[in-house]
Number of protein chains: 2
Amino acid sequence: MSQDDQIYSQMFSALLEQRLTPGTKLSEDVLGEIFGVSRTVVRKVLQRLAHEKVVCILPNRGAFVAEPTPEEARDVLEARRVVEAGIMRNVVKHCSQTDIRRLEAMLKEEEASIEKGEHSTWVSLSGDFHMALAAISGNKSLEDFLRELVSRTSLIHVQYQSKKIGTQNCSCEEHADIIDAIRDADEGRAVSLMLSHLDAIEETLNLDGDKPESDLYAIFGGSK
Amino acid sequence: MSQDDQIYSQMFSALLEQRLTPGTKLSEDVLGEIFGVSRTVVRKVLQRLAHEKVVCILPNRGAFVAEPTPEEARDVLEARRVVEAGIMRNVVKHCSQTDIRRLEAMLKEEEASIEKGEHSTWVSLSGDFHMALAAISGNKSLEDFLRELVSRTSLIHVQYQSKKIGTQNCSCEEHADIIDAIRDADEGRAVSLMLSHLDAIEETLNLDGDKPESDLYAIFGGSK
DNA sequence: ATCGATAACATTGTATACAAACATTACAAA
DNA sequence: TTTGTAATGTTTGTATACAATGTTATCGAT
């Protein structure tokens, strides 16, 4: 694994685990210092993250952790509905016993993280569950695209997290239901469960309320 | 528009118009010479194209125009079915009269290019038609993803073009039928027409026949 | 005190230099 | 003729230097 990939992985994980939060400035010098490399390789990583839309590069201004707008958030969730419905149809066809056991194991991990109240771990594990389904579906293009959408969803969660935490517990049950549908090879049910799961995620967010700061920031989009 | 973007556009166009063909070596020095810039900016462009999977970067070996495998080709076409079905559902909902007129104009251009026998122009225009639909659908994420898939489809066309050219003429009619369905706001028909259109494209390719060279090359995948 | 202009500073954009990896060629041995 | 090895040359990977741009601070005018 090359130098770039290692740094990329570390930054990507930090993003998924919500240790890097939207709006954070990603200075080339500072990152180079931290990882012990020159700006050249940092830039390469930042450009990759920018292409995946989890980082935003403003010309001559620098790189920042992306701050998805409500519109982008809706786009991402809708794209996920489209893509993951397609994925589910393939999963039901291709899923082996081994795959199902793996999914069940992942579900257990999720439950454990919720028990312990480790929210950011759960967001990360929840993403892994969806990515596992994509891997089972066997379409590399859709899998890669979903990776982008899932990581962006993680940022969206940070920005538009609903105050009421109670609603999140269901997500785990929803994953369990999806596994059941797959086990029964019930394509229609699997797809519709996935769709309502994604709907539920979107409803958890408060996308139209309460701009986080004063109107001017929301309108002209300065980075915090 | 920055320097990178200009060079990117030129290379991307060359790719879509099939002037850059799969397997072509993209030397940093040569490209830098051609565009009058240093390797730094060339590398940036190559990395972007690599992320869009139309260019393949082999570590310490350099960049090449991607040579999609039959498996990748099938993945891309399947991903397109999933994504463009979703897009069509939105298009039927959002499409304005102006949009339809624009689609009709594009269709006329396509017909003209087929008349003149300008095959590569038609491939490019055909891609534009699909991208126009994506734009109308109003989902930026799906639109960006489809751009990737369409450009990869262009490379796939080059590599797996069927010998019989006769079958290609229908594509234009298929686009016409799709416009009709949109005009009638017939969601079901629009979606199924798009799906069979993409099936038809896939059937045009010969994905399982005739390895281009002897077995050793096919098995170990040297670039020509 | 606020606003505007200017200067000092910091950060990114690009080019280039050097190091490392790879490919090719030439040549010797089997 | 083919295979293995060494030397050469080419290409990419990384660091760094300089230029261009953006940001911030200072200072004077209103």
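Residue numbering restarts at 1 for every chain, and letters A, B, ... go by the order of the sequence lines. Bear in mind the structure is a predicted one, so any value in this text is a computation, not a measurement.
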Please give, in whole Å, the distance from [N] [atom2] to [X] [atom1]?
| X | N | atom1 | atom2 | result |
| --- | --- | --- | --- | --- |
| A/Phe35 | D/dG13 | CZ | C1' | 19 Å |
| A/Leu31 | D/dA15 | CG | P | 14 Å |
| B/Glu28 | D/dG13 | CD | C1' | 9 Å |
| B/Asp29 | D/dG9 | CG | P | 17 Å |
| A/Ile7 | D/dG13 | CD1 | P | 15 Å |
| A/Arg39 | D/dG13 | CZ | P | 19 Å |
| A/Glu33 | D/dT14 | CD | P | 18 Å |
| A/Leu26 | C/dT12 | CG | P | 10 Å |

Closer to the 5' end of DNA chain D via nearest nucleotide, is it A/Asn60 or A/Thr40? A/Thr40

Could you label the plane-to-plane angle of the A/His175 and A/Phe129 rings as parallel, tilted or perpendicular, counting under 30° as parallel and over 60° as perpendicular? parallel

Which word best sums up how the rings of B/Trp122 and B/His157 line up, parallel for under 30°, tilted for 30 to 60°, or perpendicular for over 60°? perpendicular

[X]/[Y] ion pair, N-O < 4.0 Å:
| X | Y | result |
| --- | --- | --- |
| A/Arg48 | A/Asp5 | yes |
| A/Glu28 | A/Arg43 | yes |
| A/Arg152 | A/Glu52 | no |

For the side chain of A/Asp4, starting at C-beta, report the closest nucleotide among C/dT12, D/dT12, D/dT14. D/dT14

The helix from C/dA1-D/dT30 to C/dA30-D/dT1: angle between end helix axes, five pairs per end, rounded to 10 degrees: 10°

Is the phosphate of [N] approached by [X] (side-chain N or O, under 4.0 Å from OP1 or OP2)?
| X | N | answer |
| --- | --- | --- |
| B/Gln3 | C/dT14 | yes |
| A/Arg43 | C/dG13 | yes |
| B/Ser38 | C/dA15 | yes |
| B/Lys25 | D/dT12 | yes |
| B/Arg61 | C/dA23 | yes |

Do B/Leu133 and B/Met194 have side chains that get closer than 4.5 Å, going by heavy atoms? yes

Counting any heavy atom closer than 4.0 Å, what does B/Ser2 reach on the DNA or RNA strands: base, sugar-phosphate only, or nothing? nothing

Hey, is the main chain of A/Leu16 close enough, under 3.5 Å, to the side chain of A/Ser154 for a donor-acceptor pair? yes

